[in-house]
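Heads up, the thing below is written out as C-alpha cells.
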Amino acid sequence: MKVTLKVWRQIDSTAPGSFQLYPTPDLNPDMSFLEMLDVVNDELANRGEEPIAFAHDCREGICGTCGLTINGKPHGPGRGIATCQLYMRTFADGDTITVEPFRAKPFPVLKDLMVDRSAFDRIIQTGGFISVRTGSAPDGNALPISKIDADLAMDAAACIGCGACVAACKNASAMLFVSAKVSHLGLLPQGQPERHRRVARMVDQMDREGFGACTVTGSCEAVCPKNISLNFITRMNRDYAVALFKGE
Amino acid sequence: MATPLMNLIKRLLKSSVGRKYLMAISGGCLVLFVTGHMIGNLQIFLGRETINTYAQFLQSNKEVLWLVRFSLLALVGIHLWSASALTVENRAARPLGYSGNPAPTAASYASRTMLMSGIIIATFIVYHLLHYTAQVPAINFTGQDFRLLHEPLRDGTERHDVFAMMVLGFRNPYVSVFYLLGVGLLCLHLSHGIRAMFQSLGFKNWQWGLLIDRAAPVMAWVLFLGYASIPLAVLLGLVGKEVVR
Ligand code: HEM
Ligand code: FES
C-alpha cells in the first residue's frame with residue numbers, strides 16, 4: 001500500500017512551521033505507524049533531506065514517549081493504543097494522512113513532531129511521590145489493601161504520561177494526567193500522609209504551567225492509550241476540596 | 001498572613017479546580033431554582049385562581065423576595081465570572097489548533113457549546129426579566145401594560161392577574177418561539193451541565209457515575225418539557241380561553 005503524508009515541519013521551537021506533503025514508497029500494511037515513518041525518513045535521508053523528527057522509545061506502548069496527532073486525533077484512530085501500536089492496515093491504500101504534533105501552549109514544539117513535555121515532569125516534582133524511608137522491600141501483604149483500592153490504584157498507575165489527554169482536550173487540560181498521578185498514590189496507604197498536600201501542589205503547578213481546565217467533554221478518556229477513567233478527575237476534585245479545608 | 005480562610009478564598013478564585021467549584025456550585029443552585037420555578041409555573045394548568053394566589057404569595061414578603069432576587073443575581077454573576085475566567089485560560093492553553101479544526105474526539109455537542117448556549121441564555125434571562133418581572137410594556141409586543149392586569153376578588157379588593165399576563169404574553173408567537181429557544185438552550189446546557197457539575201464537585205464514582213450521566217439528560221428533558229408546555233398550551237388555545245384582550 002501507499003499513502004500520502006501531510007506532515008507538520010518546523011525547524012525549531014522559534015520558527016514558524018508548515019505542512020509538507022510526502023508520498024510514501026510501497027508499504028507493508030502490517031508495519032506500525034512509526035516503522036512507516038522510519039521508511040519515509042530513510043528515503044528523505046537518502047535524498048539528502050532532513051528526516052522528520054518524532055519522539056519514540058519502547059515502541060510497545062509502555063513508555064509514553066511517542067505521541068502524534070493523526071488525522072486530528074492524538075494517537076490516531078483506535079482506542080486504548082499509543083501511536084507506536086497503530087498499524088498501517090488501519091488506513092486504506094491511497095489515503096492522505098495528516099500528522100501533527102500534540103498541540104498545547106505548555107507543550108512547545110521542539111522540532112517537527114516532537115514536543116517538550118517537561119511540564120509534566122515539573123508537576124510530578126511538586127507532589128507525584130511519597131516520602132518514605134527506603135530500605136529493603138517490605139513483606140508481601142504486610143499492609144492490607146482492599147482489592148477494590150488495589151485495582152483502582154493500578155488503573156490510575158497505568159498512566160504512561162504521554163500527554164494525549166492534553167492534546168485531545170479542547171481546553172488543553174492536563175487534569176486526566178494529574179488526577180491519575182494524584183490517585184494512584186492517594187488510593188494506597190503509603191500515599192495517605194501527603195495525600196492532600198500532594199493534590200494542592202500538583203494542581204497549583206498544573207495551573208502555573210498554563211494548562212486549561214476540565215469541561216468534562218471526555219475527549220481525554222477517549223484517546224488515552226491506557227483508558228484512564230474520567231472518574232479519576234472527580235476523585236482529584238474531591239481530594240482538592242478536602243485540601244482546601246485542611247488549609248494545604 | 002495566609003490564614004486558612006484566605007487560602008481557601010484565594011484557591012477558589014485563582015485555581016482551575018477552585019473556579020470549577022464556583023461554576024458548579026452556582027450552576028447547581030440555579031438548577032434547583034429553575035426546577036422550583038418550573039413547578040411553580042406549571043400551576044397555570046390549575047387555573048387562574050391557583051397561580052394568582054401563588055404569585056401573590058411570592059410577592060407577599062418584600063424582604064424575602066429581594067433577598068432571593070439578589071441571591072439569584074449573585075449566582076448568575078459568579079457563574080458568568082467563572083465561565084469567562086476559565087474560558088480565557090482554556091483558549092490561551094491552545095494557541096494553535098489542529099489542521100481543519102476537527103471536532104474534539106468523543107465530545108458531545110452540548111459539551112462543546114457550553115459558552116455559546118450560556119451567552120444566549122443570558123440574553124434570554126435579560127428579556128425574560130424585562131418581560132414578566134419588570135413588565136416593560138414596550139417589549140411584550142401586545143400593546144398592553146401587564147402591570148394594569150388585575151383579578152377582582154370576592155371581597156372587593158383586587159390582585160395582579162399573573163394568569164392573564166402569561167396568557168397574553170405567550171399568545172404572541174414570536175415571543176413564545178423565543179421562550180422555546182431560550183428554554184431549549186437552557187436544557188442543552190443542562191444536559192451536559194448537570195453531569196459536569198457532579199464531576200467538578202467530586203460527587204461521582206464508579207458506582208454512581210453511569211447513573212448520573214444518564215439522569216442528567218433526562219432531567220434536562222423534564223425541565224424542557226415542563227417549561228415548553230406553557231407557551232405551547234397557550235398558543236394551541238388549551239389554556240386561557242377566558243382571557244380576552
Ligand atoms: C447566564 C448565562 C450563562 C453562561 C454564560 C453560562 C456559561 C457556562 C459555561 C461556559 C459552562 C462550562 C464551564 C466549563 O467549561 O468548565 C457552564 C457550566 C454549567 N452551567 Fe452555565 N451558563 C449560564 C447560565 C446557566 C444557568 C441559568 C444554569 C442553571 C440553571 C447553568 C448551569 C450550569 C451548570 C450546572 C454547569 C456545569 C458546571 C461544571 O462544569 O461543573 N448555567 N455554564
Ligand atoms: S514508544 Fe513507548 S509508548 Fe509508544
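Naming: A, B, ... by sequence-line order, numbering from 1 per chain.
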With a 4.5 angstrom heavy-atom cut-off, is it the side chain or the backbone of [X] that approaches chain B, or both, or neither?
X: A:Glu248; value: backbone
X: A:Asp239; value: neither
X: A:Ala243; value: neither
X: A:Leu230; value: both
X: A:Ser173; value: neither
X: A:Phe19; value: side chain
X: A:Cys169; value: backbone
X: A:Phe211; value: backbone
X: A:Thr69; value: side chain
X: A:Lys6; value: side chain

Report yes if some heavy atom in the side chain of [X] is under 4.5 Å from a heavy atom in the side chain of [Y]; otherwise report no.
X: B:Ser15; Y: A:Tyr240; answer: yes
X: A:Leu244; Y: B:Tyr21; answer: yes
X: A:Arg238; Y: B:Leu201; answer: no
X: A:Leu152; Y: B:Trp206; answer: yes
X: A:Met206; Y: B:Ser16; answer: yes

Measuring heavy-atom distances to chain A, does [X] have an atom under 4.5 Å in its side chain, in its backbone, in both, or in neither?
X: B:Lys204; answer: both
X: B:Pro102; answer: side chain
X: B:Leu86; answer: side chain

**Neighbours of chain B found in residues 193-203 of chain A - heavy atoms under 4.5 Å** =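 From residues 193-203 of chain A, the residues near chain B are A:Ala200, A:Val203.
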For chain A, the option from [options] that forms the most heavy-atom pairs under 4.5 Å:
options: B:Ala106, B:Ser200, B:Ser108; result: B:Ser200
options: B:Ala196, B:Gly209, B:Ser99; result: B:Ser99
options: B:Asn205, B:Asn101, B:Thr87, B:Val17; result: B:Val17

Check [X] against [Y] and note the closest heavy-atom contact, atom names and distance.
X: B:Gln199; Y: A:Asn237; answer: O-ND2, 3.0 Å
X: B:Ser111; Y: A:Thr217; answer: OG-CG2, 3.5 Å
X: B:Arg195; Y: A:Val216; answer: NH1-O, 4.0 Å
X: B:Ala93; Y: A:Pro106; answer: O-CD, 4.0 Å
X: B:Arg112; Y: A:Lys170; answer: CA-CE, 4.1 Å
X: B:Tyr98; Y: A:Pro101; answer: CE2-O, 3.5 Å

**Message:** What's the separation between atom CD in A:Glu221 and atom OG1 in B:Thr105, rounded to the nearest 0.5 Å?
**Reply:**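 It is 12.0 Å, given to the nearest 0.5 Å.
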**Item:** Heavy-atom pair count under 4.5 Å with chain B, highest-scoring of A:Ala213, A:Ala168, A:Gly247, A:Gly212
**Value:**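 Ranked by heavy-atom pairs under 4.5 Å with chain B, first place is A:Ala213.
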**When A:Arg235, A:Lys105, A:Arg103, A:Lys73 are compared by non-hydrogen pairs under 4.5 Å with chain B, the top option** =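 Most heavy-atom pairs under 4.5 Å with chain B: A:Arg103.
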**Message:** Please evaluate residues B:Lys14 and A:Asp207 with respect to the criterion salt bridge (charged side-chain N to carboxylate O under 4.0 Å, His left out), reporting the C-alpha separation (whole Å), side-chain torsions for both, the decisive distance (0.1 Å), and the verdict.
**Reply:** CA-CA 9 Å; B:Lys14 297 262 167 170; A:Asp207 290 347; over 6 Å; no
**Request:** With side-chain contact (heavy atoms from CB on, under 4.5 Å) as the test, would you mind laying out the steps for A:Asp204 and B:Arg11 before giving the verdict?
**Result:** CA-CA 9 Å; A:Asp204 281 354; B:Arg11 279 181 185 282; 2.8 Å; yes
**Request:** Decide yes or no on side-chain contact (heavy atoms from CB on, under 4.5 Å) for A:Phe245 and B:Leu8, but give the supporting numbers first.
**Result:** CA-CA 7 Å; A:Phe245 286 106; B:Leu8 189 140; 3.6 Å; yes
**Neighbour count >12 (heavy atoms, 6.0 Å) for atom CZ, A:Arg9** =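 Buried by this count: over 12 neighbours within 6.0 Å.
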